[in-house]
Chemist: 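Quick one: structure below, then a few questions.
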Amino acid sequence: MGLWQLNPSSLRILIPRDTIAEKVRDMGHRLTTELLAEEDRLHRAGITPGPVVMVPVLTGAILFVADLVRAMPVTMSIKPVTVSSYPGAATSSQGATVQQGIPMDLKGKRIILVDDILDSGQTLGLLRRMIMAQNPQSLRLCVLLTKRDVKRVEEVPCEHSCFDIGNEFVVGYGLDYDGNYRNVPDIAVLTQPVQ
Ligand code: IMP
Ligand code: MG
């Protein structure tokens, strides 16, 4: 039923929606447990825990962060940043540019930077440096996907990743090709070459 029946042969499902939902819920719970443990540690050290701020990288992390935050019963704010690395129909990273300002009030806060995919590492590398320069109380990186076999332009430590995938170009659940397919509910590989 529905939209994707219009062109079913061009998308091959790699990770179905139910699997995504389960993994994202688990990730939300894991982050929550970590944040609570961190809070305990800080209290015991006589330090007041800073506010929790989710920083999703738009547009790709839009669906991921929406599901993730709903699995985190934690007081938090959400401050998105817009980065572009794939102008138009490019399928390999063109280097990251911040399109819309990174929040500048992150000092003393506990930040979770959320992106759709770790590929060359340029996006998360750049944002990580810009956030660290503000002296947050802590910073965690969380991605939906990690491209496992890619040679990174920048090594970025990212301990929170829902899925490892091979070196395929994927769309859906927020990920796009030339601005399209973000609303595909599953993570899929485009099987027909697109003009
Ligand atoms: P990096 O800076 O090369 O790590 O690229 C990360 C960004 O590139 C992600 O936030 C995505 O927007 C985009 N990207 C990388 N691989 C894919 C893919 O397979 N499909 C769609 N977008 C991708
Ligand atoms: Mg992106």
Side-chain angles (χ1 to χ4, degrees), residues 3-4 7 10-17 19-20 23-24 27 31 53-69 78-103 111-133 139-195:
L3 184 62
W4 307 110
N7 202 357
S10 61
L11 296 172
R12 172 172 60 81
I13 293 180
L14 187 66
I15 309 173
R17 62 197 77 180
T19 311
I20 301 171
K23 251 307 197 322
V24 172
M27 182 60 79
L31 286 167
V53 184
M54 301 293 278
V55 180
V57 184
L58 298 186
T59 308
I62 188 167
L63 301 193
F64 177 38
V65 79
D67 288 337
L68 185 65
V69 295
I78 304 177
K79 299 190 176 188
V81 57
T82 304
V83 172
S84 166
S85 55
Y86 279 36
T91 56
S92 65
S93 182
Q94 313 290 300
T97 339
V98 175
Q99 304 283 313
Q100 219 152 86
I102 182 127
I111 314 301
I112 304 179
L113 178 59
V114 182
D115 205 358
D116 50 3
I117 187 163
L118 174 61
D119 183 14
S120 74
Q122 291 171 103
T123 305
L124 287 175
L126 173 72
L127 291 174
R128 187 173 186 281
R129 282 193 300 280
M130 293 174 84
I131 293 173
M132 285 311 284
L139 172 61
R140 291 175 172 78
L141 270 53
C142 176
V143 296
L144 176 68
L145 302 168
T146 299
K147 283 199 181 165
R148 138 189 94 229
D149 306 322
V150 166
K151 193 159 165 29
R152 311 239 185 273
V153 175
E154 182 166 351
E155 269 316 320
V156 186
C158 179
E159 350 42 271
H160 301 89
S161 174
C162 294
F163 301 99
D164 276 7
I165 61 166
N167 196 2
E168 296 172 291
F169 194 82
V170 292
V171 298
Y173 196 65
L175 291 129
D176 73 306
Y177 173 75
D178 201 11
N180 295 321
Y181 304 107
R182 293 195 198 273
N183 58 322
V184 174
D186 314 285
I187 295 169
V189 178
L190 284 176
T191 52
Q192 278 173 5
V194 203
Q195 273 78 40

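Predicted model only: the values in this text are computed from it and were never measured. Counting starts at 1 for both ligands and their atoms, in listed order.
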Chemist: Decide whether the shortest distance between a heavy atom of Val171 and an atom of ligand 1 is less than 4.0 Å.
Modeler: no
Chemist: Output yes when a side-chain donor or acceptor of Thr146 lies under 3.5 Å from a complementary backbone atom of Arg148, and no otherwise.
Modeler: no
Chemist: Does ligand 1 have any atom that is closer than 4.0 Å to a heavy atom of Gly60?
Modeler: no
Chemist: Check ligand 1 against Ser120 and write out every atom of the ligand that is under 4.0 Å from a heavy-atom position of the residue.
Modeler: 1 (P), 2 (O), 3 (O), 4 (O)
Chemist: Scan side-chain atoms only and decide if Tyr173 and Asp67 contain a donor-acceptor pair under the 3.5 Å cut-off.
Modeler: yes
Chemist: Under the 3.5 angstrom rule, does the side chain of Asp186 hit a backbone N or O of Arg17 as a donor-acceptor pair?
Modeler: yes
Chemist: For ligand 1, note which part of Val153 has a heavy atom under 4.0 Å away: side chain, backbone, both or neither.
Modeler: neither
Chemist: Hey, does the side chain of Lys147 reach the backbone of Leu118 with a donor-acceptor pair shorter than 3.5 angstrom?
Modeler: no
Chemist: What residues, two or more places apart in sequence or in another chain, satisfy salt bridge (Lys or Arg N to Asp or Glu O under 4.0 Å) together with Arg128?
Modeler: none
Chemist: Report yes or no: does Ile117 have a heavy atom closer than 4.0 Å to ligand 1?
Modeler: yes
Chemist: Report the part of Leu175 in contact with ligand 1, treating N, CA, C, O as backbone and CB onward as side chain, heavy atoms under 4.0 Å; options are side chain, backbone, both, neither.
Modeler: side chain
Chemist: With distance as the sole test, does Thr191 use its side chain to make a donor-acceptor pair with the main-chain N or O of Ser10 at under 3.5 Å?
Modeler: yes
Chemist: Please confirm whether Leu118 comes within less than 3.5 Å of ligand 1 when only nitrogen or oxygen atoms on both sides are compared.
Modeler: no
Chemist: Atoms of ligand 1 less than 4.0 Å from Asp115 heavy atoms?
Modeler: 10 (O)
Chemist: Taking only heavy atoms of Asp176, which atoms of ligand 1 are found under 4.0 Å from at least one of them?
Modeler: 21 (C)
Chemist: Please evaluate residues Leu68 and Met54 with respect to the criterion side chain to side chain contact (heavy atoms under 4.5 Å, CB included), reporting the C-alpha separation (whole Å), side-chain torsions for both, the decisive distance (0.1 Å), and the verdict.
Modeler: CA-CA 10 Å; Leu68 185 65; Met54 301 293 278; 3.8 Å; yes
Chemist: Give the atoms of ligand 1, by number and element, whose distance to some non-hydrogen atom of Lys147 is under 4.0 Å.
Modeler: 16 (N), 17 (C), 18 (C), 19 (O)
Chemist: Determine the minimum heavy-atom distance between Ala61 and Pro56, stating which atoms define it.
Modeler: CB-CB, 4.4 Å
Chemist: Using a 4.0 Å cutoff against the non-hydrogen atoms of Gly121, which atoms of ligand 1 qualify?
Modeler: 1 (P), 3 (O), 4 (O)
Chemist: Can you list the atoms of ligand 1 that are under 4.0 Å from a heavy atom of Glu168?
Modeler: 19 (O)
